[in-house]
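The structure appears below as C-alpha cells.
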Amino acid sequence: MHNTILITGGTGYIGSHTAVELMLQGHRVVIMDNLCNSSAQVLGRLRQLCGDRFDFVQADVRNAAALDAVFTSYPIDGVIHFAGLKAVGESVAQPLRYFDNNLGSTTALLLAMAKAGVHRLVFSSSATVYGDPDQVPITEQARLQVTSPYGRTKLVCEEILRDLMAAGAHWQIAILRYFNPVGAHPSGLIGEAPNGVPNNLMPYIAQVAVGQREYLSIFGQDYPTPDGTGVRDYIHVVDLAQGHLAALDYLAREGQSITVNLGTGRGISVREMMETFSRVNHVHIAHRYTDRRPGDVAACWADTTLARERLGWQAQLGVERMCEDTWRWQSRNPRGYSDSA
Ligand code: NAD
Ligand code: UD1
C-alpha cells in the first residue's frame, strides 16, 4: 500500500537517503526541515532521482503552527523523525541548544501528531545510548548510559516515547538505534556533507582522499582490539534507509511498538576502513597515529538478531561498497552541495 510519510530532517544525510527509498517504493513524501544543517540543493538531487513525488516545507519542527499546517494539508500516514542536532562535542559546549532543539522538536511533533490523530512514528536513536558497553555484540537489552548531552537527548526522547507507549496502545513507535552510518547513494548524487572539519571517521577519510585535509589522525593504536585501533559497526546509509521502510511495514503489520538496533553485526577497525578505502578506490590516505580521543570506546557493534527476526531486515552492503559509494559522492562533489548549480 502506498502511504504519505512526513520526514522531519529529510534534507539531511540519512533523511535524504530514506526519502529516496520511500519514493522508489511508491510512497509520497513530505519533507520538513529548517536547513540548519543541510542544503536546499538536496531537493534538486532528490528530483533527479525520484521526480516530483515529494513536497518540501521549510520550517522548524519546534514550530507548532507549521506542524499543524502540514498535518491538515497532507493525509499523513506516518512520520519519520530525523530532525535534530548530532555533534557530540558541540553538545558538550552548548548543552541547552541540544536540549531545546532535540527535546523541543520531539515533544512539538508528538503533540501535533496526537492532535492530528497520527500515531505511527519511527524515531532516530543512536548506539550512543549504550555508552561504554559491558559486552559486544550489544543487544537491545543492554544497560543504557550516556556520556554527552547529545546522548542524553536521545535517551530522554526514548524515555518520552516509552511513556507514550505505556499510556496508550494506539501509539505505534519504532525506536531505531543506529550504529555508524556511512556511504552514499550509488548515483553519487546525494551523500554526507558535514559542515567544517568532520568529526566522524568516514567523511574525514574521504576529505583526505580528495585533498581537502592533509592527513587522517588515527585516534589510538593501543586498544584491546585485533590491530589496536577502534572497532565500530559501520552500516551503509542505503541499508539503513531500507531499515526505516522495514520498520514502517512492521508497525503497520503488527500494530505494536519496537526498539531495535540497526547495524551490520560486524566490527571494522579504523585501520581496516582506511586500508579498504585506499585499496578499492586506488587513492592514498596519508595518516598519523595520535592519542586516543577522550570518551571513545574500544569496540562497539550490534547484535542484529532482533532486526532480522522481527523486521525481516538485514544489512546487505559490505565495507567495500561503503568505501566505493563514499568516494563516488566525494570525488564528484568535493565541497558537498556547495558545488551544485
Ligand atoms: P543531519 O544533520 O544530516 O540531518 C538532520 C536534519 O535535521 C538536517 O537537515 C537539519 O537541517 C534538520 N534539523 C535539525 N533540527 C531541526 C529542527 N528543529 N527543525 C527542522 N529541521 C531540523 O543528520 P543525520 O546524520 O542525517 O542524522 C539524522 C538523525 O539520526 C539525527 O536525529 C541524528 O541524531 C540521528 N543519528 C545520526 C547518526 C549519524 O552518525 N549520522 C547516528 C545515530 C543517530
Ligand atoms: C560518534 C559519536 C556517537 C555517534 C556516532 C555515529 C563521539 C564521541 N561519538 O561515535 O555519539 O552516535 O559517532 O555517528 O563523537 N576516528 C579516528 N580519526 C578520526 C575520526 C574517528 O581515528 O579523525 C576513530 C574513532 O576513534 C573511532 C572510529 O574512528 O574509533 C569511529 O569514530 P566516529 O566516526 O567519530 O564514530 P564513533 O566514535 O563511533
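Order of listing sets the numbers, starting from 1, for every ligand and every atom in it.
- Within the listing of ligand 1, atoms 7 (O), 13 (N), 16 (C), 21 (N), 22 (C) sit less than 4.0 angstrom from a heavy atom of Ala83.
- At distances below 3.5 Å, not a single donor-acceptor pair connects side-chain atoms of Asp325 with backbone N or O atoms of Gly183.
- For atom 24 (P) of ligand 1, the nearest protein heavy atom (residue, atom name, distance) is Lys86 NZ, 3.7 Å.
- Protein heavy atom nearest atom 38 (O) of ligand 2, with residue, atom name and distance: Arg293 NH2, 2.9 Å.
- Heavy-atom contacts from other residues, nucleotides or ligands closer than 6.0 Å to CG of Asp291 number 12 or fewer.
- Using a 4.5 Å heavy-atom threshold, the side chains of Val122 and Leu251 count as touching.
- The Cys36 neighbourhood of ligand 1 comprises atoms 10 (C), 11 (O), 13 (N), 14 (C), 15 (N), with distances under 4.0 Å to a heavy atom of that residue.
- Here the shortest heavy-atom distance to atom 26 (O) of ligand 1, taken over Ile14, Asn101, Leu85, belongs to Ile14.
- At a heavy-atom cutoff of 4.0 Å, ligand 1 is contacted by the backbone of Leu35 but not by its side chain.
- With hydrogens left out, the protein atom closest to atom 28 (C) of ligand 2 is Tyr234 OH, 3.4 Å, a heavy atom.
- Not a single donor-acceptor pair under 3.5 Å links the side chain of His2 to the backbone N or O of His27.
- Not a single heavy atom of Glu192 sits less than 4.0 Å from an atom of ligand 1.
- Of the polar atoms of Leu201, at least one N or O is found under 3.5 Å from an N or O of ligand 2, judged by distance alone.
- Closest to atom 33 (C) of ligand 1, if we only count protein heavy atoms, is Tyr150 OH, 3.7 Å.
- In terms of N/O distances under 3.5 Å, ligand 1 is approached by Asn37.
- Between Lys154 and Glu158 there is no salt bridge, since none of the side-chain N atoms of the basic residue sits less than 4.0 Å from a carboxylate O of the acidic one.
- Between Asn200 and ligand 2, an N or O atom pair is found at a separation short of 3.5 Å.
- The residue from Val231, Thr290, Asn199, Asn180 that puts a heavy atom closest to atom 6 (C) of ligand 2 is Asn180.
- Of the listed residues (Arg232, Glu192, His287), the one carrying the non-hydrogen atom nearest atom 27 (C) of ligand 2 is Arg232.
- Some N or O of Thr128 is nearer than 3.5 Å to an N or O of ligand 2, by distance alone.
- Here's the thing with Phe219: one of its N/O atoms is less than 3.5 angstrom from an N/O atom of ligand 2.
- Protein heavy atom nearest atom 11 (O) of ligand 1, with residue, atom name and distance: Asp33 OD1, 2.7 Å.
- Under the 4.0 angstrom criterion for non-hydrogen atoms, Ala193 is not in contact with ligand 1.
- With atom 30 (O) of ligand 2 as the reference point, the heavy atom nearest to it among Ser148, Gly220, Gly230 is part of Gly230.
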